[in-house]
Chemist: 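Handing you a structure now.
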Amino acid sequence: MSTPLPEPDADERALSRRLRDQLREEIAAHGHIPFSRFMERCLYAPGLGYYSAGRTKFGAEGDFVTAPELGELFARCAVNAVLPALRALGADADFLELGGGSGAFAEAALRAFAEADTLPRRYLILEPSADLRERQQARLRAALPAALAARAAWLDRPPEDAWRGVLFANEVIDALPATRFTVRHGEVLEECVALDGEGRFARVDRPADALVAGAVRHLEADLGQAFADGYRSELLPQLPYWMQAVAGALEAGMMLFVDYGYPRREYYLAERSDGTLVAHYRHRAHADPYWMPGLQDLTAFVDFTALAEAGNSAGFSVGAYLPQAQFLIASGLADAFSAAGAAAPDEAARYRLAQEAKRLTLPGEMGERFQVMLFARGLDMLALPAEVLLADQGHRL
């Protein structure tokens, strides 16, 4: 028996009702819409979508916890991993974070860059949510020395002019609107959202267009077998175009992606026959994407083979692919843990630090579920830490 979800308050219900009414009007006027469109509106509709409205999303008071919310260990290891690249690129190198969340990563990373005497020229944050941008700005102003906070700048869109540096994205790909597909009697169908007789959202499958059908056939060819009848899952046919848009102007540097997911052969296992889509609300995961639009996060796991293909198509080489635990260990987790433990004010702080390290690395927590992929272009692979290269599991792709 599933645990009931917490009850939203009156304001939350009103916000969700407004978004639900907009979605109903769109479907009533134009007919069924692809699930990817439904997910995009639920997450990003101006003023109403999950990432566009003003509710707290991250940490204990939100709906889920990301690695940077646990403490500074994650950010310090990520900084360690990119320091060789920034030093090789020189004083004009920038650091670009896609989606800054609460600002926790930026705060810790800027401190770590300063301590390593390798500050990027600018710490850029590409943040489409006005609400999150304001929270990030307020956090950095309050937490950092003025000169250090002044390194941060916010972007409305990816850089269009050529630049050099590092692009970082933690839990970004999973939030891209996913296309849901199924295969029935050999035909590729795309999952869409319609209205039933009582005006409720309902799943309907319709013949896929050439882009989606071609993407599914590509998966089958790469996997070496056709999907079983009725198999349902997700993919991101837009991923190569998205990658080119966000990283096409990065002429020399590194990209670091962290997300939960699998290489393709593990993603599309026969037993995972209903995909990976999940909704998050108040630290509870459930399977109903139609519950309270705008109040819950909708997410799908990442096909890291598809991410590698997208990076390759944008002109990048995969430098390393490995589980988060191995990445953090190879990027100096032990030293970061020791230094933080020595600076901890009391035993309670040291206990919290130990719990943080466990959540980041244990297989049942984030250690195996989260994967890390590094790309490079115009950069000697020696600019990647040797320990990370040695831990590479690219053969799984």
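Below, all heavy atoms of this structure are taken into account, side chains as well, without hydrogens, waters or symmetry copies. Just so you know, residue 1 is the first one in the sequence shown, and it goes up from there.
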Chemist: Would Glu309 and His218 satisfy side chain to side chain donor-acceptor pair (under 3.5 Å), going step by step from the backbone distance to the final call?
Modeler: CA-CA 12 Å; Glu309 292 171 344; His218 169 73; 3.2 Å; yes
Chemist: Please say which of Arg135, Arg133, Gln136 ends up in a side chain to side chain donor-acceptor pair (under 3.5 Å) with Glu127.
Modeler: Gln136
Chemist: Report yes if some heavy atom in the side chain of Tyr267 is under 4.5 Å from a heavy atom in the side chain of Val302; otherwise report no.
Modeler: no
Chemist: Looking at Ala383 and Pro84, what are the two nearest heavy atoms and their distance?
Modeler: O-CB, 2.9 Å
Chemist: Any side-chain to backbone donor/acceptor pair from Gln296 onto Pro293? Under 3.5 Å, distance only.
Modeler: no
Chemist: Would you call the rings of Phe227 and Tyr231 parallel, tilted or perpendicular if under 30° counts as parallel and over 60° as perpendicular?
Modeler: parallel
Chemist: Please work out whether the ring planes of Phe375 and Phe316 are parallel, tilted or perpendicular, with thresholds of 30° and 60°.
Modeler: perpendicular
Chemist: Under 3.5 Å, side chain of Ser338 to main-chain N/O of Ala334, donor-acceptor pair present?
Modeler: yes
Chemist: Could you give me the CA-CA distance, side-chain angles and deciding distance for Phe370 and Phe327, then say whether ring pair (Phe, Tyr, Trp, His ring centres under 6.0 Å) is met?
Modeler: CA-CA 10 Å; Phe370 281 75; Phe327 169 76; over 10 Å; no
Chemist: Counting N and O atoms only, with roles assigned by atom type, does the side chain of Arg17 sit under 3.5 Å from a partner on the main chain of Glu12, one being a donor and the other an acceptor?
Modeler: no
Chemist: Assert yes or no for the condition that the ring centre distance of Tyr262 to Phe301 is strictly below 6.0 Å.
Modeler: yes
Chemist: Evaluate the criterion side chain to side chain donor-acceptor pair (under 3.5 Å) for residue pair Ser331 and Asn80; output intermediate values, then yes/no.
Modeler: CA-CA 6 Å; Ser331 301; Asn80 287 341; over 6 Å; no
Chemist: How about Glu368 and Gln326: do any of their side-chain heavy atoms sit closer than 4.5 Å?
Modeler: yes
Chemist: Find out whether Glu107 and Arg139 are in side-chain contact, i.e. whether some heavy atom of one side chain is under 4.5 Å from a heavy atom of the other.
Modeler: yes
Chemist: Flag the pair Asp259 / Phe304 as yes when at least one side-chain heavy-atom distance between them is below 4.5 Å, and no otherwise.
Modeler: yes
Chemist: Please state whether the rings of Phe74 and Phe105 are parallel, tilted or perpendicular, taking 30° and 60° as the class boundaries.
Modeler: perpendicular
Chemist: With a 4.0 Å cut-off on N to O distance, would you call Arg180 and Glu234 a salt bridge?
Modeler: yes
